[in-house]
Each structure stands twice: as structure tokens, then as C-alpha cells.
Amino acid sequence: MAELNLILLGPPGAGKGTQGERLTSKETLEYVVTGNILRAAVKEGTDLGVQAKAFMDAGDLVPDELVIGLILERVRSEEAAEGFVLDGFPRNVAQGEALGEALGELGRDISGVLLIDVPDEDIVRRLSGRRVSQSGRIYHLEHDPPKVPGKADDDGSDLIQRDDDKPETIRKRLAVYHEQTEPLVAFYEAQGLLHRFDGTAAPEEVEAQLRKTVSSLRLEGAI
Ligand code: AP5
């Protein structure tokens, strides 16, 4: 079967993580979530985590020299041989160029870039209601609540609120998205790789639309 190499693009809180989890639960694709890798490094207190923390707390991007090598290593790994879903990378044009170059050296291509779009005014409300379990499962107090308030469905552990989900940091992350990440929309549109999705629809509807596109990309790759 042809490999499938996908990028999930969109503003903070668009639903990249929600949809990435759903898509990769039924596909043998390596799911690379840059934010989770960085948050784990912060929690473990590694050199990377120590350097990344201040940028993340401020809602800024972590410098390219810390992020690019880290993610390209995952793309080149055995686990990603059948394909990957990148969530949170690339996040600026320099990262997009580095990814294109690395894939070119491997004789591989990006199959598609899935842009989940949600207007700014919905984002602050969404992210303020987000809660995350120890295992990384994403909930929302209104749209996707756990069965028992404050507890994860799978292991009953306490749900937490991310440090960067405070309204002032969310607004900073949105500004950074528009300034640094949004240029990737034109970058990938010019390469004929961009597919747009309305992220304001219900999660199940967004998932159905994404799956339709992923199926046709798989078919195209197989031809
Ligand atoms: P990261 O963790 O990647 O955060 P983000 O891109 O800001 O995205 P989020 O995880 O906040 O949102 P999401 O789109 O995954 O939405 P979710 O599914 O959770 O990055 C964090 C930080 O790390 C960055 O600020 C930066 O510092 C650093 N970083 C990361 N990558 C980097 C890179 N490449 N270079 C440099 N620095 C980097 O959904 C949000 C909420 O909405 C949830 O509660 C969910 O339940 C709910 N929801 C989802 N879908 C729907 C729906 N359709 N309707 C209603 N509610 C919904």
C-alpha cells in the first residue's frame, strides 16, 4: 500500500489533536504531536524542556533549532515508514521548507495538508473549556465532557488544564498563528496540497469530512 504523509494545520484549538487522535486510531500512521513532545520534555525537565518552557508559557514558538531536528528524526524513523500525521509541525515557512527538503532526500512526498479552520472568536471559548487526561485524551467541558466530572474516562485520573490555555496566552498564540503559521496556507496551496475543513462543525462531522479526503488521497497514492 502507498504511504500516506499528512499534515494537520490550523489555529490553536481548531481540533487538530481531537481529529489527529481519531484519524490515527484506525490507521497505521505514526502520529507526531509536537506540542505533546515538548510538554513531555518540560515535565521531565530535559535540556529541551528547560529551553522550551519559557517560549511555550508565553505563547511563542519554540526556536526552530530546537524543533526541526527533533521532528525530522521522527519522520525518518522506522515507525513512520508507512506514513505519518504531523500535528503542530511545520509551524512556519522555514519549518515547511526543512520538512520538504528532508522528505525530498528520502524520495518521499507530502500526500496532503489538512487545514481545519475556526474563527478567532470561537477559539478562546473553546480552549478555556479544554481539559486533558494524563494519557493525552482531549475533553471539552461542554462539547465533549468526561463521564465523571474532572476524571478521565479510561483510567479515572484527574483531568488538567494546560498552562497555556489562559485567555491572555490564547490571544498571544492566535497572534503568533496569524503572523507565522498562516503563511503556510499559501505555501501549500501553491503546491496543490491544501484541503480546507470547517472546524466549527461538530467533531463527528469534521472527522467524516477528513476521512473522505484521506480515503481519496490514499486512492490517488495507490494509482
Ligand atoms: P500545540 O500543543 O501544538 O498547540 P496548538 O497548535 O496551539 O493547538 P492546540 O493543541 O491548542 O489545539 P488543537 O488544534 O489540537 O485543538 P484540540 O483538538 O485540543 O503547541 C503548544 C505550544 O508548543 C506552542 O504554543 C509552541 O510554543 C510550541 N510548539 C508546538 N509546535 C511547535 C513548532 N512546530 N515550532 C515551534 N514551537 C512549537 O481542541 C481544542 C478544544 O476544542 C478541546 O477541548 C476539544 O475537545 C474541543 N473541540 C475540538 N473539536 C471541536 C469541535 N469540532 N467542536 C467543538 N469543540 C471542539
Side-chain angles (χ1 to χ4, degrees), residues 7-24 31-43 48-49 51-72 74-75 85-99 114-120 122-133 136-146 153 159-166 169-182 184 197-210:
I7 294 173
L8 283 169
L9 193 61
K16 302 182 294 296
T18 300
Q19 298 300 333
E21 271 181 29
R22 291 174 184 226
L23 283 180
T24 52
Y31 183 33
V32 183
V33 189
T34 315
N36 286 355
I37 296 171
L38 293 171
R39 277 184 290 279
V42 170
K43 204 170 162 191
L48 168 69
Q51 294 183 71
K53 187 175 185 323
F55 296 100
M56 295 175 79
D57 286 349
D60 278 320
L61 294 189
V62 174
D64 287 349
E65 55 272 27
L66 294 179
V67 172
I68 291 177
L70 184 77
I71 302 303
L72 294 186
R74 295 286 295 268
V75 166
V85 175
L86 295 182
D87 173 345
F89 186 92
R91 232 174 165 106
N92 58 32
V93 172
Q95 293 182 9
E97 286 170 348
L99 175 66
L114 312 174
L115 170 66
I116 306 177
D117 224 350
V118 173
D120 286 9
D122 293 351
I123 299 283
V124 179
R125 203 172 46 246
R126 258 197 199 187
L127 288 182
S128 308
R130 172 166 59 187
R131 297 293 182 272
V132 189
S133 76
R137 161 83 160 84
I138 302 162
Y139 297 85
H140 192 278
L141 295 180
E142 287 166 50
H143 308 298
D144 188 10
D153 291 349
L159 298 182
I160 55 157
Q161 184 167 28
R162 267 171 49 176
D163 288 342
D164 59 353
D165 277 349
K166 297 181 210 104
T169 317
I170 296 169
R171 277 188 270 275
K172 177 68 194 293
R173 286 162 60 201
L174 271 171
V176 168
Y177 172 78
H178 290 305
E179 192 188 310
Q180 301 190 47
T181 308
E182 216 166 26
L184 284 169
F197 300 87
D198 174 10
T200 63
E204 294 67 32
E205 177 58 24
V206 181
E207 181 185 357
Q209 297 300 326
L210 284 165

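Order of appearance sets the numbers: ligands from 1, and atoms from 1 within every ligand.
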Val62 contact mode with ligand 1 (heavy-atom cut-off under 4.0 Å) | both
Quick one: does Gly20 get a heavy atom under 4.0 Å from ligand 1?
-> no
Heavy-atom donor-acceptor pair, Lys16 side chain to Gly88 backbone, under 3.5 Å = no
Intermediate values then yes/no, side chain to side chain contact (heavy atoms under 4.5 Å, CB included), Leu38 and Leu48 | CA-CA 8 Å; Leu38 293 171; Leu48 168 69; 4.2 Å; yes
Which of the atoms of ligand 1 are close to Val67, meaning less than 4.0 Å from one of its heavy atoms?
-> 33 (C), 34 (N), 35 (N), 36 (C)
Correct closest heavy-atom pair for Asp153 and Tyr139 would be N-OH, 3.0 Å
Name the closest protein heavy atom to atom 28 (C) of ligand 1, giving the residue it belongs to and the distance to 0.1 Å.
-> Leu38 CD1, 3.7 Å
Output the list of atoms in ligand 1 that are nearer than 4.0 Å to some heavy atom of Gly13, sorted by atom number.
-> 8 (O), 9 (P), 11 (O), 12 (O), 13 (P), 14 (O), 16 (O), 40 (C)
Which residue and non-hydrogen atom of the protein lie closest to atom 9 (P) of ligand 1, and at what distance in Å?
-> Arg130 NH1, 3.3 Å
Separation between CG of Leu184 and CG of Leu115, rounded to the nearest 0.5 Å | 10.0 Å
Say whether Ala202, considering both its backbone and side-chain N or O atoms, lies within less than 3.5 Å of an N or O atom on ligand 1.
-> no
Do ligand 1 and Arg39 have nitrogen or oxygen atoms that lie under 3.5 Å from each other?
-> yes
For Gln95, the ligand 1 atoms with a heavy-atom partner under 4.0 Å come out as 33 (C), 34 (N), 35 (N), 36 (C)
Shortest protein contact, atom 44 (O) of ligand 1 (heavy atom only) | Tyr139 O, 2.8 Å
If you measure from CD on Glu207 to CG on Leu23, what distance do you get to the nearest 0.5 Å?
-> 7.0 Å
Please confirm whether Thr200 comes within less than 3.5 Å of ligand 1 when only nitrogen or oxygen atoms on both sides are compared.
-> no
For atom 46 (O) of ligand 1, find the nearest protein heavy atom and state the residue, atom name and distance (0.1 Å precision).
-> His140 CB, 3.4 Å
Scanning both residues in full, the closest heavy-atom pair of Leu61 with Gln180 reads CD1-OE1, 3.4 Å
Ignoring angles and geometry beyond distance, decide whether Asp165 reaches within less than 3.5 Å of ligand 1 through its nitrogen or oxygen atoms.
-> no
In this structure, atom 3 (O) of ligand 1 is nearest to the protein heavy atom Arg91 NH1, 3.0 Å
If you measure from each heavy atom of Arg162 to ligand 1, is any distance below 4.0 Å?
-> yes
Between Leu61 and ligand 1, which part of the residue brings a heavy atom under 4.0 Å of the ligand: side chain, backbone, both or neither?
-> both
Which residue owns the protein heavy atom closest to atom 26 (C) of ligand 1, what's the atom, and how far is it?
-> Asp60 O, 3.5 Å
Distance in Å, Gln19 CD paired with Leu8 CG, rounded so as to fall on 0.5 Å steps | 8.5 Å
Considering only heavy atoms of Ala14, which atoms of ligand 1 have at least one such atom less than 4.0 Å away?
-> 14 (O), 16 (O)
Here the pair of heavy atoms bringing Ala94 nearest to Asp64 is CB-OD2, 3.6 Å
Is Asp165 salt-bridged to Arg173, going by a charged N under 4.0 Å from an acidic O?
-> yes
May I ask you to check if ligand 1 and Thr34 share an N or O to N or O distance below 3.5 Å?
-> no
Region of Tyr177 that comes within reach of ligand 1 [heavy atoms, distance under 4.0 Å] | neither
Return yes or no for this condition: an N or O of Gln19 is under 3.5 Å from an N or O of ligand 1.
-> no
How far apart are the closest heavy atoms of Thr18 and Ile138, and which atoms are they?
-> N-CD1, 3.7 Å
Atom indices of ligand 1, in the order listed, that fall short of 4.0 Å to a heavy atom of Pro203 = 51 (C), 52 (C), 53 (N), 54 (N)
Taking N or O atoms only and a 3.5 Å limit, does Arg131 qualify as a polar contact for ligand 1?
-> no
Please report the closest heavy-atom contact between Leu159 and Pro146, naming both atoms and the distance.
-> CD1-CG, 3.6 Å
Hey, does Arg173 come in under 3.5 Å of ligand 1, counting only N/O atoms on both sides?
-> yes
What pair of heavy atoms forms the shortest contact from Leu72 to Ala98, and how long is it?
-> CD1-O, 4.1 Å
Asp144: which of Arg137, Arg130, Arg131 passes salt bridge (Lys or Arg N to Asp or Glu O under 4.0 Å) | Arg137
Report, in ascending order of atom number, the atoms of ligand 1 lying under 4.0 Å from any heavy atom of Gly199.
-> 53 (N)
Of all the non-hydrogen atoms in the protein, which one sits nearest to atom 48 (N) of ligand 1, and at what distance?
-> Arg126 NH1, 4.1 Å
Any nitrogen or oxygen of Gly15, main chain or side chain, under 3.5 Å from a nitrogen or oxygen of ligand 1?
-> yes
What do you reckon, does Gly88 have a nitrogen or oxygen under 3.5 Å from a nitrogen or oxygen of ligand 1?
-> yes
Among protein heavy atoms, which lies nearest atom 15 (O) of ligand 1, and at what distance?
-> Gly17 N, 2.8 Å
May I ask you to identify, for Ala201, whether its side chain, its backbone, both or neither come under 4.0 Å of ligand 1 on a heavy-atom basis?
-> backbone
